[in-house]
Each structure stands twice: as C-alpha cells, then as structure tokens.
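Here the structure comes first, spelled out in structure tokens, and everything after it is commentary.
Each chain gets a letter, A, B and so on, in the order the sequences are listed, and its residues count up from 1.
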Amino acid sequence: MGSVLIADDDAMVRSVLSRAVEREGHLVTLAVDGQGVLNRLHEAQFDLCIMDARMPGPNLEDRLAAARERGPEMAILLLSGDDVAPSVATGDFRFARKPLGLDTLRSALALIDAGGDAR
Amino acid sequence: VSIGSPGPGRRERWDRLEGNSLEGDRLEGLLQSTLDQVEIGVYYLDRDYRFTFVNALGARYLRTPREDLLGKRLPDLFPEAWAGPFGTAYRRCQEDRATARARAFYEPFDTWFELTVFPTEEGLAADLRDVTEDQVRRRQLEETTERLRAQAELLNAARDAITLRGLDNRVEYWNRGAETVFGWTAAEAGGRSVRDLLFPDPEEFDRRTAEVLRKGHWTGDLMQQTRDGRVIEVDARWQLLRDGTGQPRAIFAVESDITGHRRAEEERYRTQRMESLGTLAGGMAHDLNNVLTPILMAAELLRDDEPDPGRRELVASIETAARRGADLIGRVLSFAKGEQGQRRVLAVETLLEDLGAFCREAMPKTINVDLQAARPLPPIRGDRTQLMQVLVNLVTNARDAMPDGGELTVRAGVRHSAPSAEAADDTTLIILSVEDSGVGMEQAIAARVFEPFFSTKGPGQGTGLGLSTSASIVKDHGGSLEVFSLPGRGSRFDILLPATTEEHEVAPPHARQPEVPRGNGELVLVADDEAGVRDAVRRALTAAGYRTAEAENGAVALVLAEDPEVAVVLVDMTMPVLGGAAVIDRLRMTRPQLPIIAMSGFDAEGIGVSLGRVGAVGFLAKPFSTPDLVAAVGERLNRGQSEVAE
C-alpha cells in the first residue's frame with residue numbers, strides 16, 4: 001500500500017482518479033490547485049504524486065521543484081490535456097496524456113510496489 | 001490697302017506733288033492721315049535703306065520722331081535690328097526682290113515684332129506689327145499644348161484603365177492602361193461601344209450608367225471582360241462630364257484590375273480563418289481531454305466490476321468512444337500546431353511501396369488498385385510519416401468515394417515547370433496523383449474540401465480535418481495539393497512537391513530489400529486485442545522468417561512471455577484486462593533483457609511510457625507498414641543480443 005497525492009483542478013477528474021487509486025489499495029490525498037500541492041507536500045510524504053500540468057497557483061516548474069525537494073524518492077505522474085509533455089527543466093517524471101486509461105494509471109502505481117521491492 | 005504696296009514711281013510723284021501744287025499737298029496730307037490711321041507700322045526705305053516715309057504707328061513702334069527717321073539710314077539708327085533677323089529680312093528682300101518676313105523679339109524695345117518687307121522700285125516697303133501680345137498667347141498655347149501632352153503621358157503611364165465615352169457609350173479616349181487591362185488597343189476600341197466591348201452583363205452596365213447620369217458619379221466593383229474572354233473584377237470610378245452649358249456630355253472612367261488583389265485577399269482571409277480555427281480547436285481540445293478523462297476511467301472501473309457480459313459490452317463501448325474522442329482530439333491538436341516533421345531526402349518509390357502495402361490491406365477486393373511510377377524519379381526532401389499520412393488519407397478518401405468498387409490509380413511522375421514570374425529558376429516537381437472512379441464532387445464542394453471541418457462524410461465518419469491537414473503538410477513541404485473532380489466520374493488529387501538534387505540517404509527500394517534483416521526462426525510474442533492486427537503481424541513476420549505466439553490481452557501475454565524461447569515482445573499499448581504499459585513494467589522485472597516493442601496509435605510520449613525509466617523499449621507507431629515492422633523486430637533483436645553480449 002502506498003500514499004498517493006492527486007492534484008487536479010477538475011473535480012470530476014479528482015473524484016474518478018481517487019476512486020481508481022483507492023481501489024488499487026492505496027491511500028489518497030487531494031489537492032485542488034498549485035498552492036494545495038505545495039501545502040500537502042509540506043504536511044506529508046507521498047510515494048506517488050499524480051498532478052495536472054496546468055493548474056491555478058504556483059507554476060509547474062515550482063511545483064516540480066518543491067516535489068523533488070520534499071520527496072526525492074517520490075514518483076511523479078504528470079497529466080496534461082495537451083498531447084505533448086510540457087518542457088520543463090526537471091525532467092524526472094512520467095507523462096500521460098489525458099484522458100488516461102486504467103492501464104496507464106496502474107503502471108504508474110506499479111512503480112510504488114516496484115520501488116518498495118527494489119528498496 | 002493699296003497703300004501698303006505702293007506702285008512704281010511714287011517717290012517721284014510725291015516729290016512732284018510736294019513741289020508743284022496745293023493739290024499735291026492736300027493729297028499727301030490725306031495719304032499721311034490715312035496711313036497714320038491704319039493699325040500697322042508702315043515705312044519706306046530707299047535702296048540705301050534710308051527712311052523716305054514713316055506713318056505715325058511706324059514712328060511709335062520705332063520709338064523715334066518721324067523727323068529724326070526721315071533721310072536717315074536704318075542700319076545706322078538700329079544697328080541691333082540690322083544685325084539680327086530683321087536686318088536679314090531687309091537685305092534678302094533687297095537682293096532677291098521678293099517679300100521677306102521676320103518675327104523676332106527686339107530686346108532694346110522689349111517687344112516682339114513681325115516685319116514684312118516688300119520690294120518697291122525705289123527700295124523697300126516695310127509693314128511692322130507689334131506681336132508681343134500675340135506671342136504671349138502663342139507661348140500660352142504652346143504651354144497648354146505641352147501640359148496636355150504631359151497629362152496624356154501621365155494618363156498613359158497610369159496602370160489604371162482611363163477611358164472617356166460619349167453618352168452613346170462610344171469610346172472617345174482610351175489610355176495605354178486600358179490597352180493593358182482590357183487587351184484592346186486604342187485604335188481598336190476607338191468609336192466602339194464599351195457596353196458591347198467590355199461588359200459580360202450589359203444590364204449591370206446600364207444600371208450603373210443610369211446612376212452616373214442621375215448622380216453625376218458612381219464608384220464600385222464591376223465584372224468586365226477582356227479581349228481574350230477572361231472575366232476580371234475591376235474597381236471602377238465613373239464621373240459624368242458636362243459641357244459649357246451644363247449638359248451631360250461624356251463619362252470619364254478610371255478602372256483598376258483587382259482580380260489578383262481580390263484573390264490574395266481571399267487567400268489571406270482563409271489563412272486567418274484557419275489560424276483562428278486552429279487556436280480555437282487547440283483550446284477546446286485541451287478542455288475536452290479533461291472532460292474525457294473521468295468518462296474513460298469511470299467506464300473502465302465499472303467494466304472491471306461488472307459480471308454481466310452484456311453490460312460489460314455496453315460499458316466497453318463508452319470506453320471505446322472515449323478513446324476515439326481522444327484520438328480525434330489528438331488530430332485536432334496536431335492540426336492546430338501544424339507540426340513540423342523531420343526532413344530527410346526520400347526516394348519517392350519507397351513511399352509508393354509503403355502505400356502499396358497499405359492499399360493491399362485496406363482496400364476491399366472490389367477496388368482495383370493500380371500503382372504507376374515513372375522512372376527514374378528524382379528524390380524529394382520531406383517527412384516520411386507526414387507524407388505517408390497524406391497519401392493514406394487520399395487513398396482512404398478514394399476508397400470511401402467508391403462504395404461499390406472501382407479503379408484506384410496512384411501515379412508518380414515528374415513535371416518540369418518553365419521559369420515563371422514567381423520562380424526564376426526552372427523547377428522539377430514530383431507529381432503524385434491519386435485518382436478514383438468514384439462519386440466525384442460538384443465544383444462548389446471541391447472548392448471547399450481543404451477547409452478544416454468541412455466533410456462530405458456522415459457524422460462520425462470523418463473528422464473534416466484529413467484534407468486540410470494534408471494540404472498544410474504538403475504546403476509545409478513547399479508543394480501544393482490540387483483537386484480535380486467531376487460528379488459521377490471521380491476525383492483526382494495531385495500532390496506537387498519540389499524535387500531535390502541532394503543524394504538520398506535511403507537507398508532505393510530494390511537495394512534496400514536485402515538490408516532488412518530476416519528472422520531465423522526466432523519466436524516473437526504479439527500482444528494485441530485486435531485479431532486483425534495479430535493476423536497481419538503474424539503473416540508479415542512469418543514471411544520474414546520468424547515464428548509467432550499471440551496474446552489477445554496483457555494477462556495472456558505475461559503468461560506466454562514466461563516461455564524462454566520468446567525473443568521479442570510486441571505489445572499494443574491499449575489493451576483490455578492488462579494494458580501495454582503494465583505488461584512492459586512486469587516484463588522489465590521478470591525478464592529485463594527481453595527486447596520489447598510498444599505499438600500505439602498515439603505517439604511515444606502520449607501513451608505514458610517513460611522510456612528512460614522503464615528501460616530500452618522500441619516504439620512502433622500505428623499504422624505501420626510491413627517493412628517498418630520487420631525492420632523494428634530485426635533491430636530490437638540485434639540490440640538485445642549485443643546488450644547480452646556486453
């Protein structure tokens with residue numbers, strides 16, 4: 001079981017994503033904007049952060065930098081409605097185009113177990 | 001006036017009159033007073049050019065009292081006149097005994113004179129007139145003439161057609177611009193009716209002319225016809241001219257050919273519309289992907305929970321629809337961005353070969369496919385994937401235009417375009433034409449097929465983006481896409497691409513064949529939920545010397561992959577039960593050295609495979625051709641072996 005941060009400004013997306021992640025047996029924390037992401041990252045440690053690339057609040061660069069600082073081991077799955085990954089300096093993340101399927105989500109969640117096994 | 005040309009022996013007679021009688025005095029006085037009243041300067045000179053008679057006006061013109069003139073020599077009194085054209089006239093008359101004339105400016109008096117000298121028995125008679133005013137008028141006339149000439153020159157230099165026509169519509173003036181614009185010379189047009197000459201729609205001409213007569217002027221756009229039958233659009237300014245009494249006399253027209261300008265304007269307008277559509281579509285696509293996310297994921301969650309097969313199928317259809325929507329959005333996005341692909345030197349033959357492979361798979365048996373290529377074909381510079389996308393789009397449209405079957409002809413040829421106004425060099429163009437014997441299109445439809453979101457296919461059958469994307473790809477390649485169509489006869493699309501003189505990096509097809517590595521009985525695991533894809537891959541790989549094992553979903557694939565004989569795995573990224581990404585992740589853990597090739601209709605980044613993290617995974621974009629497939633498998637096998645060897 002892992003701890004997953006889901007950040008998206010779209011309530012429907014948050015709702016379905018958290019259901020899918022919970023069903024796979026993980027613990028979900030939600031953030032609705034960029035500032036929320038920074039706050040949650042300060043409050044707790046996560047194994048995986050699923051984050052929309054375009055959200056209100058602090059920009060993507062800052063969010064990624066904060067995520068790296070707070071959780072160097074944390075896997076990041078970046079979601080976007082655009083069809084290419086945003087170009088940012090911090091390149092250590094997975095990218096998935098919306099709409100993402102369960103298989104994409106599961107392969108990202110598999111990283112938690114794989115990381116656990118590896119450690 | 002007979003006095004102006006006195007008869008012979010007058011001097012003697014006057015002497016006689018003067019000396020001999022009162023009657024003579026009276027006569028002389030009479031003559032003198034008569035001559036003094038004429039408005040001409042008159043004087044007589046003897047053969048030595050001495051003044052013997054001067055009338056009042058003559059003395060005034062010469063600005064010398066009569067008594068100071070009489071008996072004096074003209075050359076002595078007026079040396080400057082003697083030296084000039086006047087002197088020449090006196091001398092010539094004296095010598096030739098014939099009338100001589102001089103018209104000149106006499107500077108000492110600041111006056112223009114006209115002098116006529118007649119020979120007489122005793123010498124010369126002179127008739128002198130002050131023509132200063134006349135000269136000024138003449139000068140003015142000359143200046144006016146010159147100005148008119150300059151204006152006519154200007155009118156001729158103007159690129160506009162400038163014409164004057166009477167109220168009977170007959171041409172009175174026709175400048176050089178009119179010759180250029182309409183093709184008729186001034187000589188040909190002169191006297192003819194412009195109504196007959198220039199107007200394909202005489203009723204419009206009559207309406208406009210009536211308006212000019214009523215309001216005095218008219219401005220607007222008109223369709224006119226040139227000598228060679230072209231219909232051109234002109235920007236016309238008509239002005240009514242009136243005579244001195246205010247009666248309408250003629251119509252003055254200035255007309256510019258704006259046909260080219262109008263076409264450029266339309267092109268610009270269309271480009272702007274495309275751009276704004278692209279921006280709009282891009283923004284909408286992003287939002288739509290967000291909308292589709294919960295739909296797709298919720299459908300998948302529901303399906304996993306659903307034990308009833310019928311309901312599972314229903315839910316699966318939601319999922320399929322969401323994926324199709326996402327695919328469409330992806331196409332809208334790439335259209336909006338107008339992606340610039342990778343440019344390489346390409347052999348046209350290899351494009352045709354790949355297209356042939358596609359046609360064999362995609363065309364029903366009722367359609368007869370004929371591929372023809374002129375040889376040798378010079379190479380082109382372009383993006384293989386993008387150009388294949390264009391060709392595939394055209395042949396797919398052709399197929400859809402022939403629901404009852406027909407002929408599909410794809411021709412590749414060379415066209416040399418002569419040096420033109422646009423291109424100074426002569427250029428070699430590769431022409432790829434895709435022709436069908438299908439339903440064809442009306443002109444009005446054909447004119448719009450390159451517009452985005454314009455589709456003749458039913459809802460859900462076409463995106464309306466295929467041809468507009470194709471046109472922009474070809475345009476990006478420096479070429480053009482043209483359509484020719486006849487309802488009931490079929491359509492032909494010509495792709496014109498500039499040929500390159502660069503050497504191709506890719507060898508021509510006959511030399512390329514042996515380079516594709518063939519298999520040696522290696523076992524290839526093919527995981528794809530579409531039976532059609534599995535069949536096609538199996539046929540292609542078997543033909544290339546491989547063996548295959550097939551899995552219809554990810555879970556089956558993982559089981560089959562436990563067979564140590566499996567040398568390569570081909571995984572579709574969008575499979576039910578266990579998707580491609582999950583399969584790859586598991587395989588990485590169980591068999592880290594096993595070469596994997598991911599297959600997807602999305603691009604490599606869009607499918608959520610972070611290649612760096614998961615490890616060496618090949619990628620094959622759908623739809624792929626047989627050579628692409630065989631090459632990818634061969635390449636992965638070699639790389640895998642070399643990695644193992646290290």
Under a 4.0 Å threshold between the charged nitrogen and the carboxylate oxygen, would [Y] count as salt-bridged to [X]?
{"X": "A/Lys98", "Y": "A/Asp8", "answer": "yes"}
{"X": "A/Arg19", "Y": "A/Glu22", "answer": "no"}
{"X": "B/Glu300", "Y": "B/Arg323", "answer": "yes"}

Gap between atom [atom2] of [Y] and atom [atom1] of [X] - 0.5 Å precision:
{"X": "A/Arg94", "Y": "A/Ile76", "atom1": "CZ", "atom2": "CD1", "answer": "12.5 Å"}
{"X": "B/Ser317", "Y": "B/Arg324", "atom1": "OG", "atom2": "CZ", "answer": "10.0 Å"}
{"X": "A/Leu5", "Y": "A/Leu27", "atom1": "CG", "atom2": "CG", "answer": "11.0 Å"}

_I'd like to know which of A/Pro99, A/Ser15, A/Ala20 tops the heavy-atom pair count under 4.5 Å against chain B._
A/Pro99
*Per-residue contacts, residues 303-311 of chain B versus chain A, heavy atoms under 4.5 Å*: B/Asp304, B/Asp305
*asked:* For the residue pair B/Gln389 / B/Asn393, report whether a side-chain donor-acceptor contact shorter than 3.5 Å exists.
replied: no
*asked:* Report which part of A/Leu17 has an atom under 4.5 Å of a heavy atom belonging to chain B: side chain, backbone, both, or neither.
replied: both
*Non-hydrogen atoms of chain B under 4.5 Å away: do they reach the side chain of A/Arg14, the backbone, both or neither?*
neither
*Can you sort out the partners of A/Asp10 under side-chain hydrogen bond (donor to acceptor under 3.5 Å, both in side chains), two or more places apart, ordered by chain and number?*
none
*Which atoms of B/Leu296 approach chain A - backbone, side chain, both or neither, heavy atom under 4.5 Å*: side chain
